[in-house]
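First comes the structure, then the notes that go with it.
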Amino acid sequence: MTDVPNPRWVRQAVPDGRPLLVHVNTTSTGGGVAELLHRLIPAQRDGGLAVGWAVVSGTPEFFALTKTIHHLLHGKGNPAPLHGADAGVLYRSVLQPQGHWLAAQLREGDTVALHDPQTLGLAPMLAARGIRVAWHCHIGTTDGSATTPEHVWRFLAPEFDDVDVVLATRPEFGPPGFTRTRYVVPPAIDPDSPKNQPLTTAEVDALLTAIGLFGTAAGGDSSATIDQVGPVPPDAPMVLQVSRWDPLKDMAGVLRCLPGIPQDAHLVLAGPDPHEVTDDPEGVAILEEVRAAYRDLPESERRRTHLVTLSMRDPHRNALLINALQRRADVVLQKSLEEGFGLTVTEAMHKSRPIVASAVGGLALQVVDGKTGLLVDPTDYTGVAGAIRRLLEDPELSRRLGSQAAAEAARLFHLSRLVADYRRVVDQPHT
Ligand code: UDP
């Protein structure tokens, strides 16, 4: 057995006679699932559910393995680390004791929502105690020719015997051949959260000046580190991508689009400080790769590029900063090579931003090409830059796409819909 701490309660599930719903993932800060749970859980509590949130622990080797699984489900990477007995032993020995601990906190008839593959190995211990297990799969690929997900489904096959319900962002995501209940549940944003609340232009300016992205750049505070030659000029068009430092987000690839982006436009790449994130072992190295690519840029392009690393230590301030960046952006880009669902894109849609996104996975569900943004092939740097240029040069098109995007986000991707979707899971009779 691997020696790992028990799961940590982010919000303790206090039994009060009602059946409990407990969400489980691997981090309370950084990334879309943490973002989602911070908003979903209070809304579910307001809706009358007894809800808790636990975060499982893991070793660096465990998180390296689950990151491999994450990439394989996106159709990327080498499946070799999954083969051989060691991987299964590592995965299950980290999760088994935590599954027993969690099961002991709960009662028969309670529901546990396990988010993404990192937590699925808790299912057998929970099911053995009569706890209903929902597995919520936020990732996947729509590339029908990708073969790597099959390796993951084989690796995780024993766990699926103990799963009652699968929730997945798209019908193509999740285990093929799963015959029990299956729901398609795209993620959602909370329009009233600090990340999405209205901000005035003066508030946006003040926030971005405080971190040194605007203004004199002298007074950068501790909530951000910026690699830049100088601040973004007040009148410069701004192109933004917000992402974790993950190879599939292709921040380095965004830099390669620079030559085709109008010369007066500035590019801002923003992401969480990877040193503060425990469940994403690649973050530090990827940020360093992007920094190296930035340093190698010709002076004329480096001068209009800004790498912003945001601290997550004060989540409220971090959310306001993301909000301000998105509101200031003239174009929001998401050039992921694969993407289960980009919350960053829905956040930008809500703010009526014109969007350029890769035509992959969940992004192709979120953005309707030519109606709520422009979809591009992420491997075509010239095409990506061309779409950005088109929006920057056509303010009327940008305005129309942005306003249609906000309407579409309200129709499909607001929190109230997700709360109702989850209610169906909880209210379903337990078999
Ligand atoms: N995010 C954040 N602070 C940062 C960078 C990103 O809160 O410094 C948030 C971002 O606003 C979004 C989430 O992290 O809500 C990323 O979710 P997304 O679905 O786009 O990608 P994931 O990280 O889940 O792959």
Side-chain angles (χ1 to χ4, degrees), residues 25-40 66-67 70-71 73-74 76 115-118 136-141 169-170 173 186-191 193-197 207-208 211 213 223-226 240-251 268-277 279-280 282-283 286-287 307-327 329 332-351 353 355 357-358 360-363 365-367 409 413 415 418:
N25 77 326
T26 49
T27 180
S28 61
T29 48
V33 176
E35 172 75 24
L36 193 75
L37 294 179
H38 274 295
R39 308 314 304 180
L40 175 64
T66 58
K67 196 70 202 280
H70 175 269
H71 291 331
L73 283 183
H74 282 116
K76 304 284 184 204
H115 291 266
D116 281 338
Q118 300 92 308
H136 195 152
C137 178
H138 298 269
I139 55 181
T141 177
T169 300
R170 292 191 61 133
F173 295 1
I189 58 152
D190 180 353
S193 67
K195 183 164 292 171
N196 296 312
Q197 73 188 42
L207 281 158
L208 300 184
I211 60 169
L213 187 65
S223 47
T225 307
I226 309 185
L240 171 74
Q241 176 161 311
V242 175
S243 294
R244 285 179 299 107
W245 306 98
D246 179 302
L248 295 183
K249 308 289 185 183
D250 201 22
M251 294 284 229
V268 177
L269 301 182
D273 182 346
H275 299 93
E276 296 174 8
V277 178
D279 70 335
D280 189 354
E282 292 175 309
I286 297 295
L287 173 59
L307 304 188
V308 182
T309 312
L310 294 160
S311 172
M312 305 293 291
R313 291 212 176 88
D314 180 346
H316 183 258
R317 182 159 177 78
N318 178 275
L320 288 175
L321 287 167
I322 298 278
N323 189 342
L325 285 166
Q326 290 169 333
R327 287 186 189 280
V332 170
L333 173 65
Q334 193 62 50
K335 203 190 92 59
S336 305
L337 302 175
E338 283 290 337
E339 189 71 70
F341 188 95
L343 275 181
T344 49
V345 165
T346 303
E347 290 157 8
M349 289 170 73
H350 166 72
K351 298 173 182 96
R353 297 297 86 204
I355 288 155
S358 305
V360 298
L363 296 176
L365 169 92
Q366 294 169 263
V367 173
F413 304 126
L415 194 60
L418 184 61

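Both counts, for ligands and for their atoms, begin at 1 and track the order of listing. Only this structure's heavy atoms are used, side chains among them; waters, hydrogens and symmetry mates stay out. Numbering starts at 1 and runs along the sequence shown.
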So what's ligand 1 close to, N/O to N/O, under 3.5 Å?
| unit_1 | atom_1 | unit_2 | atom_2 | d |
| --- | --- | --- | --- | --- |
| ligand 1 | 3 (N) | Asn318 | OD1 | 2.8 |
| ligand 1 | 7 (O) | Lys195 | NZ | 2.7 |
| ligand 1 | 7 (O) | Asn318 | OD1 | 3.3 |
| ligand 1 | 8 (O) | Pro272 | N | 3.4 |
| ligand 1 | 8 (O) | Asn318 | ND2 | 3.4 |
| ligand 1 | 11 (O) | Lys195 | NZ | 2.9 |
| ligand 1 | 11 (O) | Glu347 | OE1 | 2.9 |
| ligand 1 | 11 (O) | Glu347 | OE2 | 3.4 |
| ligand 1 | 15 (O) | Glu347 | OE2 | 2.5 |
| ligand 1 | 17 (O) | Gly32 | N | 3.3 |
| ligand 1 | 19 (O) | Phe341 | O | 3.1 |
| ligand 1 | 19 (O) | Leu343 | N | 2.8 |
| ligand 1 | 20 (O) | Leu343 | N | 3.2 |
| ligand 1 | 20 (O) | Thr344 | N | 3.2 |
| ligand 1 | 20 (O) | Thr344 | OG1 | 3.3 |
| ligand 1 | 21 (O) | Lys249 | NZ | 3.1 |
| ligand 1 | 23 (O) | Gly32 | N | 3.4 |
| ligand 1 | 23 (O) | Arg244 | NE | 2.6 |
| ligand 1 | 24 (O) | Gly32 | N | 2.7 |
| ligand 1 | 25 (O) | Arg244 | NH2 | 2.8 |
| ligand 1 | 25 (O) | Lys249 | NZ | 2.7 |

Query raised in the report: Taking C-beta and beyond as the side chain, do Ile322 and Asn318 meet within less than 4.5 Å on heavy atoms?
Result: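 A side-chain contact under 4.5 Å exists here.
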
**Report entry** No-hydrogen, no-angle side-chain donor-acceptor test under 3.5 Å, Glu339 and Ser358
**Finding:**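 Per modelled atom types, Glu339 and Ser358 side chains form no pair under 3.5 Å.
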
Query raised in the report: Less than 4.0 Å between a side-chain N and a carboxylate O, is that true for Asp246 and Lys67?
Result: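 Yes, this pair counts.
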
**Report entry** Contacts of His71 that satisfy side chain to side chain donor-acceptor pair (under 3.5 Å) - sequence neighbours left out
**Finding:**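 Glu282.
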
**Report entry** Test log, rule side-chain contact (heavy atoms from CB on, under 4.5 Å), inputs Val332 and Val345
**Finding:** CA-CA 8 Å; Val332 170; Val345 165; 5.7 Å; no

Requested in this report: Look at the side chain of Asp116 and the backbone N and O of His138, then say whether any donor-acceptor pair between them is shorter than 3.5 Å.
Outcome: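 Present.
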
